[in-house]
Amino acid sequence: EVAALLTGLSSAQKTISPKYFYDERGSELFEEITTLPEYYPTRTELSILNEHIGEIGVALGEDVSLIELGAGASTKVRVLLDHLANVIVFVPVDISGDHLHAAAEELATDYPHIEILPVAADFTRPFPLPHPQKMPARNILFFPGSTIGNFSPPDALKLLRTMRTVVKTGGGLLI
């Protein structure tokens, strides 16, 4: 971690990975930003999800584990959890553990029929999936938003390869 920071700050064009912004307070600030009138991506993504929820459900298949990378407050995934009966496990993944666990507790209350298994991890690296009580037929990564735009092309490719490793054979990506 320190080496990555030093490399970014030693470069001609200084960079710091956005993942370092997401402690508990940084996560709270980002959630506030997404509600501002000027921040259109969240509204657009929610509109797309609502408009195509039927097609999404068919494409996911039955008995899926939905894994959301960079889950934050898990606002967008609620559209899926509200409308899809085929999700049996939800795995929110976020680098901010405190923020993640608070959101997961709320989700567990709101969706008692879905097993909620939060994972505090840096999703840019492979991480182990928790073992649900009922094994899903397939793993689906849910990666909404423009987060991928924060990555250089080589790092975005590395992230996509990591995603493939996480979902395993037969898994999918909802982006």
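The shortest non-hydrogen separation linking Pro132 to Val89 is CB-CG2, 3.5 Å. Looking at every heavy atom in both residues, Arg138 comes nearest to Gly170 through NE-O, 3.0 Å. Shown here for Lys134 and Glu115, the closest heavy-atom pair between the two residues is N-OE1, 4.1 Å. Of all heavy-atom pairs between Ala156 and Ile148, the closest is CB-CG1, 4.1 Å. Taking both residues in full, the closest heavy atoms of Leu117 and Pro130 are given as CB-CG, 3.5 Å, listed atom of the first, atom of the second, then distance. Taking every heavy atom of both residues into account, Leu100 and Ala120 meet most closely at CD2-N, 3.5 Å.
Within the 4.5 Å cutoff, side-chain heavy atoms of Val87 are placed close to those of Leu81. Using a 4.5 Å heavy-atom threshold, the side chains of Met163 and Leu173 count as touching. The shortest side-chain heavy-atom distance between Pro118 and Val91 does not fall under the 4.5 Å cut-off. The shortest side-chain heavy-atom distance between Arg78 and Asp110 falls under the 4.5 Å cut-off. Phe127 has its side chain within reach of Leu129: a pair of non-hydrogen atoms, C-beta onward, lies under 4.5 Å apart.
Checked by atom type and distance alone, the side chain of Ser47 never pairs as donor or acceptor with a backbone atom of Arg43 at under 3.5 Å. Checking side-chain atoms of Asp94 against main-chain N and O of Ala71 turns up a donor-acceptor pair under 3.5 Å.
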Residues 48-66 side chain polar contacts: donor-acceptor under 3.5 Å, at least two apart:
{"from": "Asn50", "atom 1": "ND2", "to": "Leu46", "atom 2": "O", "distance (Å)": "2.9"}
{"from": "His52", "atom 1": "ND1", "to": "Glu55", "atom 2": "OE2", "distance (Å)": "2.8"}

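Within a 6.0 Å radius of NE2 in His131, no more than 12 heavy atoms belonging to other residues, nucleotides or ligands are found.
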message = Please determine whether side-chain contact (heavy atoms from CB on, under 4.5 Å) holds for the pair Phe151 and Thr124, giving the CA-CA distance in whole Å, both sets of side-chain angles, and the decisive distance to 0.1 Å.
response = CA-CA 10 Å; Phe151 294 87; Thr124 63; 3.7 Å; yes
request  = Could you walk me through whether Ser152 and Asp155 pass the side chain to side chain donor-acceptor pair (under 3.5 Å) test, one step at a time?
outcome  = CA-CA 5 Å; Ser152 67; Asp155 286 341; 3.3 Å; yes
ask   = Is there a side-chain contact (heavy atoms from CB on, under 4.5 Å) between Leu69 and Val166 once you walk through the steps?
value = CA-CA 11 Å; Leu69 301 182; Val166 170; 5.7 Å; no
inquiry  = Applying side-chain contact (heavy atoms from CB on, under 4.5 Å) to Tyr111 and Asp82, what does each step give before you reach the verdict?
reply    = CA-CA 8 Å; Tyr111 302 96; Asp82 284 346; 2.5 Å; yes
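Ring geometry, Phe143 versus Phe123: the interplanar angle exceeds 60°, so the pair is classed perpendicular (tilted spans 30 to 60°).
In the hydrophobic clustering of ILVMFWY residues, with side-chain heavy atoms under 4.5 Å counting as a link, Leu160 and Ile140 come out apart. No single ILVMFWY cluster, assembled from side-chain heavy atoms under 4.5 Å apart, contains both Phe90 and Val93. Note on Leu141: it clusters hydrophobically with Ile175, by side-chain heavy-atom contacts below 4.5 Å among ILVMFWY residues. Residues Leu107 and Leu174 share a hydrophobic cluster, clusters being chains of Ile/Leu/Val/Met/Phe/Trp/Tyr side chains in contact below 4.5 Å.
The CD1 atom of Ile116 sits 13.0 Å away from atom NE2 of His101, with the distance rounded to the nearest 0.5 Å. Taken from OG1 in Thr162 to NZ in Lys158, the straight-line distance is 6.5 Å, to the nearest 0.5 Å.
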